[in-house]
Amino acid sequence: MPGLGWDAAAEQRFDVNLSILFTELPLLERPAAAAAAGFTAVELWWPWIDSPTPERSELDALRKAIEDAGVRLTGLNFYAGQLPGPDRGALSVPGEESERFRANVEVAAEFAGSLGCGALNALYGNRVDGVDPAEQDALGLENLVLAARAADGIGAILLIEALNKPESPLYPLVSAPAAVGVVDKVNAATGLDNARFLMDLYHLSMNGEDLPAVIERYTAKTGHVQIADNPGRGAPGTGSLPLEDLLDQLRKAGYDGWVGLEYKPGDRPSAEAFDWLPR
């Protein structure tokens, strides 16, 4: 929003999430649209929600669109089921879904590596009725170890994200401590120390967490940050979150990575949803 006084923003590196912004355009047109809006980097949820192993031609076409646009891919989700939709990941869901996740691990890592992408996000998955949570957690750790090793193979980090309970009531990682606890377990299991917390300030605020305390406690374990305002998950300035102050605190705490814009544009074209940013 104009007049927000985003002085600190000038020192932040923002990338745009092409799975929530520019979705009015076909997937292959979004990287160029992000570049036209002034961005040098983009991130994506897994774009093929029905296929953990799409045809090479589809992968090649998206890679070419990103390269031709001159933007960098800074983050990619592993296969996460129907997202957007009812699913919140696949890796801890027994049976076909976790098998699909495993089939996707090398495909996603190879695609990310080909574009120099340094972060892969593994959404944990919902609790399943009738399945012991301990069984899901054991499966989840096994699959996160596979994902961490694949990420390490391309020199990338593995991200583990906390979501919010109101919108994801079956997802078990709905606080910063819960997600960081899984990060620690993965690092202990692999010895690679490449698992990191994905700090999404919108989700954490929806959970009612003390955001300055989360930043103070967990910045050192944070590999990526995402933002949207609350309420509404819109652009900064559409809600009441003090995002400028929070990002300033993050920077002072030592976070120098990308900040992903993962918000809804509202009832306007995505290209018009960045008027809060300093030019």
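All figures in this text were calculated on a predicted structure; none of them were measured in a lab.
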Novice: Would you call R127 and D137 a salt bridge, taking side-chain N to carboxylate O under 4.0 Å as the test?
Specialist: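 Salt bridge between R127 and D137, a charged N being under 4.0 Å from a carboxylate O: yes.
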Novice: In terms of hydrophobic clustering (I, L, V, M, F, W, Y; side-chain heavy atoms under 4.5 Å; direct or indirect links), are Y202 and M199 co-clustered?
Specialist: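 They do not share one cluster, since no chain of ILVMFWY contacts under 4.5 Å joins Y202 to M199.
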Novice: For Y124 and S92, which heavy atoms make the closest approach, and how far apart are they?
Specialist: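 So the minimum-distance heavy-atom pair works out to O-OG, 2.7 Å.
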Novice: Inspect the contact between R72 and D15 and indicate whether a charged nitrogen and a carboxylate oxygen are less than 4.0 angstrom apart.
Specialist: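 Answer for the salt bridge query: no.
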Novice: Using 0.5 Å steps for rounding, measure from the CG atom of D267 to the CD atom of E272.
Specialist: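 Rounded to the nearest 0.5 Å, the CG-CD separation comes out at 10.0 Å.
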Novice: Applying the 4.5 Å side-chain criterion to the ILVMFWY set and letting contacts propagate, would W45 and L261 be lumped into a single cluster?
Specialist: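 Yes, one cluster joins them.
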Novice: Is T219 reaching over with its side chain to a backbone N or O of E216, donor-acceptor style, under 3.5 angstrom?
Specialist: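 A pair under 3.5 Å: no.
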Novice: Before you tell me yes or no, could you show the steps for L21 and K264 under side-chain contact (heavy atoms from CB on, under 4.5 Å), namely the whole-Å CA-CA distance, both residues' side-chain angles and the distance that decides it to 0.1 Å?
Specialist: CA-CA 6 Å; L21 284 153; K264 299 173 182 175; over 6 Å; no
Novice: For N104, does its backbone N or O pair with a side-chain atom of T53 as donor and acceptor, under 3.5 Å?
Specialist: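 Flag not set: sc T53 to bb N104 has no pair under 3.5 Å.
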Novice: Nearest 0.5 angstrom please: H203 NE2 to L198 CG, how far?
Specialist: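 Rounded to the nearest 0.5 Å, the NE2-CG separation comes out at 8.5 Å.
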Novice: Could you report the tightest heavy-atom contact between G125 and V93, atom names first, then the distance?
Specialist: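 Where G125 meets V93 most closely, the heavy atoms are CA-CG2, 4.5 Å.
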Novice: Between E262 and R233, does a side-chain contact (heavy atoms from CB on, under 4.5 Å) hold up when you go through it step by step?
Specialist: CA-CA 8 Å; E262 197 184 53; R233 202 175 186 176; 3.0 Å; yes
Novice: Any idea which heavy atoms bring L123 and R88 closest together, and the distance?
Specialist: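 Taking L123 first and R88 second, the nearest heavy atoms are CB-O, 3.5 Å.
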Novice: Please say yes or no: joined through hydrophobic side-chain contacts below 4.5 Å, possibly via intermediate residues, are L192 and L141 part of one cluster?
Specialist: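 Cluster IDs for L192 and L141 differ.
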Novice: Could you go through R30 and L27, starting from their C-alpha distance and side-chain angles, then the distance that decides it, and tell me whether this counts as side-chain contact (heavy atoms from CB on, under 4.5 Å)?
Specialist: CA-CA 5 Å; R30 295 177 205 169; L27 175 64; 4.0 Å; yes
Novice: Should V128 and L83 be regarded as members of a common hydrophobic cluster, given that ILVMFWY residues are connected when their side-chain heavy atoms come within less than 4.5 Å of each other, either directly or indirectly?
Specialist: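 V128 does not cluster with L83.
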Novice: With a 3.5 Å cut-off and no angle check, do the side chains of N207 and N164 form a donor-acceptor pair?
Specialist: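 Note: N207 and N164 side chains miss the donor-acceptor criterion.
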Novice: Measure from the side-chain N and O atoms of D229 to the backbone N and O of G237, and report whether any donor-acceptor pair falls under 3.5 Å.
Specialist: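 At least one qualifying donor-acceptor pair exists.
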Novice: Check step by step if ring-ring contact (aromatic ring centres under 6.0 Å, His included) holds for F101 and F78.
Specialist: CA-CA 7 Å; F101 176 84; F78 287 107; 5.5 Å; yes
Novice: Carefully, step by step, assess R63 and L115 under the rule side-chain contact (heavy atoms from CB on, under 4.5 Å).
Specialist: CA-CA 7 Å; R63 183 186 297 109; L115 287 162; 3.7 Å; yes
Novice: Heavy atoms only: give me the nearest G95-S98 pair and the separation to one decimal.
Specialist: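 Looking at all heavy atoms of both residues, the closest pair is O-OG, 3.2 Å.
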Novice: Would you tell me whether E55 and W48 have side-chain atoms, one donor and one acceptor, within less than 3.5 Å of each other?
Specialist: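 The criterion, which ignores hydrogens and geometry beyond distance, is not satisfied for W48 and E55.
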Novice: Does the N187 side chain pair with the main chain of N194, one donor and one acceptor, at a distance under 3.5 Å?
Specialist: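 Flag set: sc N187 to bb N194 pair under 3.5 Å.
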Novice: Could you measure the distance from the NZ atom of K165 to the CG atom of L170? Nearest 0.5 Å is fine.
Specialist: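 Reported to 0.5 Å precision, the distance equals 8.0 Å.
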Novice: List, one per line, each side-chain donor-acceptor pair under 3.5 Å for residues 143-160, sequence neighbours excluded.
Specialist:
{"from": "N143", "atom 1": "OD1", "to": "R102", "atom 2": "NH1", "distance (Å)": "3.0"}
{"from": "N143", "atom 1": "ND2", "to": "L91", "atom 2": "O", "distance (Å)": "2.8"}

Novice: Give the table of side-chain donor-acceptor pairs shorter than 3.5 Å for residues 252-260, with sequence neighbours excluded, one pair per line with atom names and distance.
Specialist:
{"from": "K252", "atom 1": "NZ", "to": "D248", "atom 2": "OD2", "distance (Å)": "3.0"}
{"from": "Y255", "atom 1": "OH", "to": "V225", "atom 2": "N", "distance (Å)": "3.3"}
{"from": "Y255", "atom 1": "OH", "to": "W258", "atom 2": "N", "distance (Å)": "3.3"}
{"from": "Y255", "atom 1": "OH", "to": "W258", "atom 2": "O", "distance (Å)": "2.5"}

Novice: Between CZ of F111 and CG of L44, what distance do you get to the nearest 0.5 Å?
Specialist: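 Going from the CZ atom of F111 to the CG atom of L44 covers 7.5 Å.
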Novice: Flag the pair P52 / V107 as yes when at least one side-chain heavy-atom distance between them is below 4.5 Å, and no otherwise.
Specialist: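 No, their side chains stay 4.5 Å or more apart.
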Novice: Between the main-chain N or O of H224 and the side-chain N or O of T222, is there a donor-acceptor pair closer than 3.5 Å?
Specialist: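 Between the backbone of H224 and the side chain of T222 there is no qualifying donor-acceptor contact (under 3.5 Å).
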Novice: Taking the side chain as everything from C-beta on, heavy atoms only, tell me whether E209 gets closer than 4.5 Å to P177.
Specialist: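 They are in side-chain contact.
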Novice: For the atom pair CG (N17) and CD (Q226), what is the distance rounded to the nearest 0.5 Å?
Specialist: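 One gets 6.5 Å once the value is rounded to the nearest 0.5 Å.
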Novice: One pair to check against ring-ring contact (aromatic ring centres under 6.0 Å, His included): F14 and F274. What are the steps and the verdict?
Specialist: CA-CA 11 Å; F14 293 103; F274 308 110; 9.9 Å; no
Novice: Are the side chain of T23 and the backbone N or O of S19 linked by a donor-acceptor pair below 3.5 Å?
Specialist: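 Looks like no, no N/O pair under 3.5 Å.
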Novice: In plain terms, say whether E110 and R56 are close enough for a salt bridge, that is, a side-chain N and a carboxylate O under 4.0 Å apart.
Specialist: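 So E110 pairs with R56 through a salt bridge.
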Novice: If only atom types and distance count, is the side chain of E24 paired as donor or acceptor with the main-chain N or O of S270 below 3.5 Å?
Specialist: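 Yes, E24 side chain to S270 backbone: donor-acceptor pair under 3.5 Å.
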Novice: Could you report the tightest heavy-atom contact between A176 and V214, atom names first, then the distance?
Specialist: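 Between these two residues, the closest heavy atoms are CB-CG1, 3.9 Å.
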Novice: Can a salt bridge be assigned to the pair R100 and E97 using a cut-off of 4.0 Å between side-chain N and carboxylate O?
Specialist: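 A salt bridge is present here (some side-chain N lies under 4.0 Å from a carboxylate O).
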Novice: What pair of heavy atoms forms the shortest contact from A34 to V16, and how long is it?
Specialist: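 Heavy atoms only, the tightest pair is CB-CG1, 3.5 Å.
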Novice: Do S240 side-chain atoms and N230 backbone N/O form a donor-acceptor pair below 3.5 Å?
Specialist: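 Pair found, side chain donor or acceptor close to backbone of N230.
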Novice: With the side chain counted from C-beta on, respond yes when L250 and L246 share a heavy-atom pair under 4.5 Å apart, and no when they do not.
Specialist: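 With C-beta onward as the side chain, the pair stays apart.
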Novice: Working to the nearest 0.5 Å, report the span between CG of D87 and OG of S168.
Specialist: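 Output value for this atom pair is 11.0 Å.
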Novice: Group every Ile, Leu, Val, Met, Phe, Trp and Tyr by side-chain heavy-atom contacts under 4.5 Å, then state whether I227 and L204 land in the same group.
Specialist: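 Yes: a chain of side-chain contacts under 4.5 Å links I227 to L204.
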